[in-house]
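Ligands are counted one by one from 1 in listed order, and the atoms in each one are counted from 1 as well. Predicted model only: the values in this text are computed from it and were never measured.
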Amino acid sequence: MVPLPSTVPACNSVPCVLLALVSTLSSQFSVCFVLPQLLAQEQNACTTGGKELGDWEKDWQESRIGFHKPGVHMMLKKYIHLVLAGRSKICFFLPLCGKTVDMKWLADMGHSVVGVEISEKAIREFFEESKLTYSEEPVPTIPGAKVYKSSDGNISLYQCDLYSFSSSIGGQFGAIWDRGSLVAINSGDREKYIALMTSLMDKDCTYLLETSSYNPELYPGPPFCLPEEQVQTLFGKSFNFQLLDSEELLLKDLKGLDRLTELIFLITGKK
Ligand code: SAH
């Protein structure tokens, strides 16, 4: 069996895997039996696929973490009063948390924070860079998963695939801060992702969502392009949602894309 090349586009679909196999075979045996047009079409289809868990872990190992911000996210600071809506000491959920410093900021305000992140390196760096002592233990209901907890118990980070996490493990939350998360997952997983977020929201939950809008012909993602119409399609039926803000950001590290518009939404349950 010919091994798949390491440059195979991260994609589960049968056409993509076939394509990778065909390109490997054709390059190894110098037999070009695929119409270039077909190849181009399939490559395009692959770009909507996205990244696998192993790709993210590799990015962390090789410190390709251009998404990480050294400071607290400006939009979280700007809209925290709407998220809190007069409440104090609430429990925040940060899906795909990386090592964002927003978690420490929220915990320092007296809230508790639960995050989910596949990269162990990200989690350890979060605690170490925040100068927080922590413990680690296995999660009995998720094989191979661990939970890392700050010594004061206010921050718990689950190292596992997001889709293994559920309200039976973490309970329900008063707020969700979704930055670089919905836009990071593969587009085919969006319904599953939103079903999970919905199950994690308590009845008063406020969900602050950041998405990116840009010309998808210039860059395949992640972050994937998620303009307001798509947010409406995903959340509009079951939730109230409001576009709070938008800001054009200049970029250095996404090939082909020099700017994108960051959109901030507030999502709440329909009462
Ligand atoms: N929210 C963070 C990180 C965003 S990048 C921030 O603002 O900095 C997306 C992160 O999700 C990466 O750290 C990646 O390792 C992690 N990730 C991607 N898919 C995942 C999955 N299915 N389960 C758990 N973590 C995942």
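Residues Phe93 and Val116 form a side-chain contact, since some pair of their non-hydrogen atoms from C-beta on lies under 4.5 Å apart.
Atoms of ligand 1 lying under 4.0 Å from any heavy atom of Leu162, numbered from 1 in the order shown and given with element: 21 (C), 22 (N), 23 (N), 24 (C).
Among protein heavy atoms, the minimum distance from atom 9 (C) of ligand 1 is reached at Gly180 O, 3.6 Å. Counting protein heavy atoms only, atom 6 (C) of ligand 1 is closest to Arg179 NH1, 3.4 Å. In terms of protein heavy-atom proximity, atom 22 (N) of ligand 1 is closest to Asp161 OD1, 2.9 Å. For atom 10 (C) of ligand 1, the closest non-hydrogen atom of the protein is Glu117 OE1, 3.6 Å. Looking only at heavy atoms of the protein, atom 26 (C) of ligand 1 is closest to Leu96 CD2, 3.3 Å. Of the protein's heavy atoms, Leu53 CD2, 3.3 Å lies nearest to atom 21 (C) of ligand 1. Looking only at protein heavy atoms, the nearest one to atom 25 (N) of ligand 1 is Ile118 N, 3.0 Å.
Test Phe235, Trp177, Phe92 against Tyr207 for ring-ring contact (aromatic ring centres under 6.0 Å, His included) and you get one pass: Phe235.
Ala122 does not count as a contact of ligand 1, since none of its heavy atoms falls under 4.0 Å from the ligand. Ligand 1 has at least one atom lying under 4.0 Å from a heavy atom of Cys160.
Note on ring orientation: taking the six-membered ring where Trp is involved, the planes of Tyr134 and Phe127 are parallel (angle under 30°, cut-offs 30° and 60°).
Between Asp178 and Tyr193, the side chains place a donor N or O and an acceptor N or O closer than 3.5 Å (distance only, hydrogens not considered).
No salt bridge links Lys69 with Asp102; every basic N to acidic carboxylate O contact stays at or beyond 4.0 Å. For the pair Arg87 and Asp204, the salt-bridge criterion is not met [side-chain N within less than 4.0 Å of a carboxylate O].
Residue Thr100 places no N or O, backbone or side chain, under 3.5 Å from any N or O of ligand 1.
In this structure, Lys192 satisfies the cation-pi test against Tyr163, with its NZ or CZ atom closer than 6.0 Å to the six-membered ring centre and inside 45 degrees of the ring normal. The cationic atom of Lys121 (NZ for Lys, CZ for Arg) does not lie both less than 6.0 Å from the six-membered ring centre of Trp60 and within 45° of the ring axis.
No part of Ile185 comes within 4.0 Å of ligand 1, judged by heavy-atom distances.
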